[in-house]
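Just the heavy atoms: all of them, side chains too, but no hydrogens, waters or symmetry mates, feed the values below. Because the structure is a prediction, the values reported are computed rather than measured.
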Protein chains: 2
Amino acid sequence: MKMSDVAKMANVSPATVSRVLSNPDLVSKQTRDKVLEVIDKVNYQPHIVARQFRTKVTKTILAVVPDITSDFFSEVLRGIEHVAINEGYQVILGDTEHSLERESDYVNLLLQKQVDGMVLLTAKLEKERLEELAEHFPIVLACEYIDGLNVPTVSIDNISAARKATEHLIHLGHKQIAHICGPMNVILSRDRLRGFRQAMMSHDLDVDPSFIQEGGLTIESGYNQMTKLLALETPPTGVFVYNDEMAMGAIKAVKESGLQVPEDIAIVGFDNLKMSMVIEPHLTSIDQPKYDIGQKAMNLLVQMINKEQIKKRSFVMKDELIIRDSCGGKARSTMPPKASL
Amino acid sequence: MKMSDVAKMANVSPATVSRVLSNPDLVSKQTRDKVLEVIDKVNYQPHIVARQFRTKVTKTILAVVPDITSDFFSEVLRGIEHVAINEGYQVILGDTEHSLERESDYVNLLLQKQVDGMVLLTAKLEKERLEELAEHFPIVLACEYIDGLNVPTVSIDNISAARKATEHLIHLGHKQIAHICGPMNVILSRDRLRGFRQAMMSHDLDVDPSFIQEGGLTIESGYNQMTKLLALETPPTGVFVYNDEMAMGAIKAVKESGLQVPEDIAIVGFDNLKMSMVIEPHLTSIDQPKYDIGQKAMNLLVQMINKEQIKKRSFVMKDELIIRDSCGGKARSTMPPKASL
DNA sequence: AGAATAAATGTAATCGCTTTCGGTGCTGGT
DNA sequence: ACCAGCACCGAAAGCGATTACATTTATTCT
């Protein structure tokens, strides 16, 4: 059943059918109703791929995420999807699992015109490659970023957030503070490390090189790095951990060593995942507006697709330190029926 | 830059270029190399939508999930995506957030020929509608199912798994056993409830109606239902909870009431999420092979797309009771460096 | 009323690829 | 020397929609 069939049945030309479908005001109410009736009767569905082919717009975008399994990214994905639905876009999921190659493969969908644009939640690609791509296709970066890259980017200020987290520990009186950081080849890890260092420095606190432990991004990795820290002659009394998942591993490690959080060791995480409300003790963490980041990024992308000019390059969303129990100094929180998790 | 341009530059016909791209053996090595050289030189990328239009195959499938934010579904999504990549498929993500309407909307992508097939991780649609669709399009159901539906389905046996979980409690000596169940309008909830009842009955144990509490699917919901149970004159000594997320809420509730898990109340969950290894106490839970379910489902879908006959209707994967600490009766587990989480 | 303008519809080209069908030239068998 | 068979390649149709342009019909204005 194609459009010309419908046209025949309604005694009009295919053009008219096309118009009632995508430009109804151009056709008189009478014939519009007639056509609609036929469409309804035969249950006609336009062949979207034919339309995409003809119009060169696919109404689908690509979302490239480093790890679909992570609570963090699935939240921003949801933000993306919501505005996608509102704007009539489909989203193709590209889970790279942190692989540069996979990221590179997905980017091909742009070149092949399978998608109208792309939001990248990871940025392992070379700056030049990305810049070149961005000249030809709508692209927005979210969460991660690349220095000096001329592509709209939405994220939080990781440096200041890390500083804030570290200073929380400092204000609580800690002096022996360690940092379990993420992989140094991702810029966010370097930023958070930098924020940590800035905070320490501005309070005249030394940072022992062995107090900086580079980890992966998993619970296990947090566990492992924490046990290294615990094995030190004088372990830290506070540690700022790259993200909540690793922080959970870290907490597990200190508990198993017979020590307590926060009494013996205070811990602050990053990302404010759902889990941080349920682990014992409840995790003090930096909240990123994950959903909003996704929304903002997707909104920017559709603006770009619509050729609207975007004045700013960088959109920084506001983060917030959520103080719970893992650093002490505050009453334990309970969970009211409608707790904001 | 289109195929005919490449053809001109290589002094061949467009047909030949097409052939070197998708049927290389049909063209002599000599001209093939010549064409390849031109393609490489001008960096030609075929217009995939044109190909999709012409061939009527999109090489993309639709994955409809009820909640992209859930650890459970993101794992099976990963399984799906892995075989999708292997088989050259893109996957469009459809997050319904448990809404029937959204589910129904996504199904339209099939009718409009935007995708070659669909795997459903939720089944709110009417049986008749789904059956009708399945006659015309490749569809496979995973995780959820519909009774008597003639559509390939991959899942675990929820009834026997629930029975197993409940019997674990029974064997530990519990007699006052409650069940916090999922929403009764989803079949999995009914199945797990049925398994619970079967186990109780076969051990001549009564189930007090107030020991069955229907919840939503969230941590809060688990928390709320558990507090109801705790408020009873004689609270249960063991409870089987619909899933791990709700179980976390439940654990939180008993802790806050001043009681302990498992000393005062034993809890067993379902799904074996990553989190269950990090919560205190570590959660005893039924493991579903999430990744395998996704893989299997997608493999079946590919077979169907390729018109291969599928003999079986129902593929049941094997689940496993993972015994940890939330029911007592076993030493606390630690986390070795390469723990299988 | 008739011309000028506006509204509604139809005609036909077109998007970029794949594929059927037929032609050309070569090989080898007799 | 002839023909069958084969490997290779080109011509052209066609996938199903959109849209520029042409044409017809309705409306308004003088």
Using only heavy-atom distances, determine whether the side chains of Arg129(B) and Ser104(B) contain a donor-acceptor pair under 3.5 Å.
-> yes
In whole Å, what is the span from the NZ atom of Lys56(B) to the C1' atom of dC17(C)?
-> 11 Å
Just by modelled atom types, is the Val27(B) backbone N or O under 3.5 Å from a matching donor or acceptor in the Thr31(B) side chain?
-> no
Test item: Glu37(A) and Lys41(A) side chains (from C-beta on) under 4.5 Å apart, heavy atoms | no
Give the nucleotide from the list dC17(C), dG16(D), dT19(D) with an atom nearest to the side chain of Phe53(B).
-> dG16(D)
Donor-acceptor contact present, side-chain Asp95(B) to main-chain Glu97(B), <3.5 Å = yes
NZ of Lys8(A) versus C1' of dG16(D): gap in Å, rounded?
-> 13 Å
NZ (Lys56(B)) with more than 12 external heavy atoms under 6.0 Å | yes
In whole angstrom, what separates Asn23(B)'s CG from dA7(D)'s P?
-> 14 Å
Could you state the atom-to-atom distance from CD1 of Ile48(B) to P of dG16(C) in whole Å?
-> 14 Å
Using five base pairs at each end, measure the axis-to-axis angle across the helix from dA1(C)-dT30(D) to dT30(C)-dA1(D) and round it to 10 degrees.
-> 40°
Tell me what Ser18(B) touches on the nucleic acid: a base, only sugar-phosphate, or nothing, going by heavy atoms under 4.0 Å.
-> base
Figure out the CD/C1' separation between Gln52(B) and dG16(D), and round it to whole Å.
-> 14 Å
Rounded to the nearest Å, what distance is computed from the CD atom of residue Gln45(B) to the P atom of nucleotide dG16(C)?
-> 15 Å
Anything under 3.5 Å between a protein N or O and an N or O of nucleotides 24-26 of chain C, put it in a table, one pair a line.
none

Rounding to a whole Å, what distance do you find between Met3(B):CE and dG10(D):C1'?
-> 14 Å
Is a salt bridge present between Asp25(A) and Arg32(A), judged by a nitrogen-to-oxygen distance below 4.0 Å?
-> no
Using a distance-only test with no angle check, is there a side-chain donor-acceptor pair under 3.5 angstrom linking Thr58(A) and Gln114(A)?
-> no
Spacing of Gln112(B) atom CD relative to dG16(D) atom C1', expressed in whole Å = 14 Å
For every nucleotide of nucleotides 5-14 of chain C, 5' to 3': is a protein heavy atom under 4.0 Å from its base (B), only from its sugar-phosphate (S), or from neither (-)?
-> ---SBBB-BB
Counting N and O atoms only, with roles assigned by atom type, does the side chain of Lys59(B) sit under 3.5 Å from a partner on the main chain of Glu87(B), one being a donor and the other an acceptor?
-> yes
Answer yes or no: does atom CD of Glu126(B) have more than 12 heavy-atom neighbours from other residues, nucleotides or ligands under 6.0 Å?
-> no
Residues Asn158(A) and Tyr145(A): side-chain donor-acceptor under 3.5 angstrom = no
Search all heavy atoms of Leu121(B) against all heavy atoms of Glu144(B) and return the closest pair with its distance.
-> O-CG, 4.3 Å
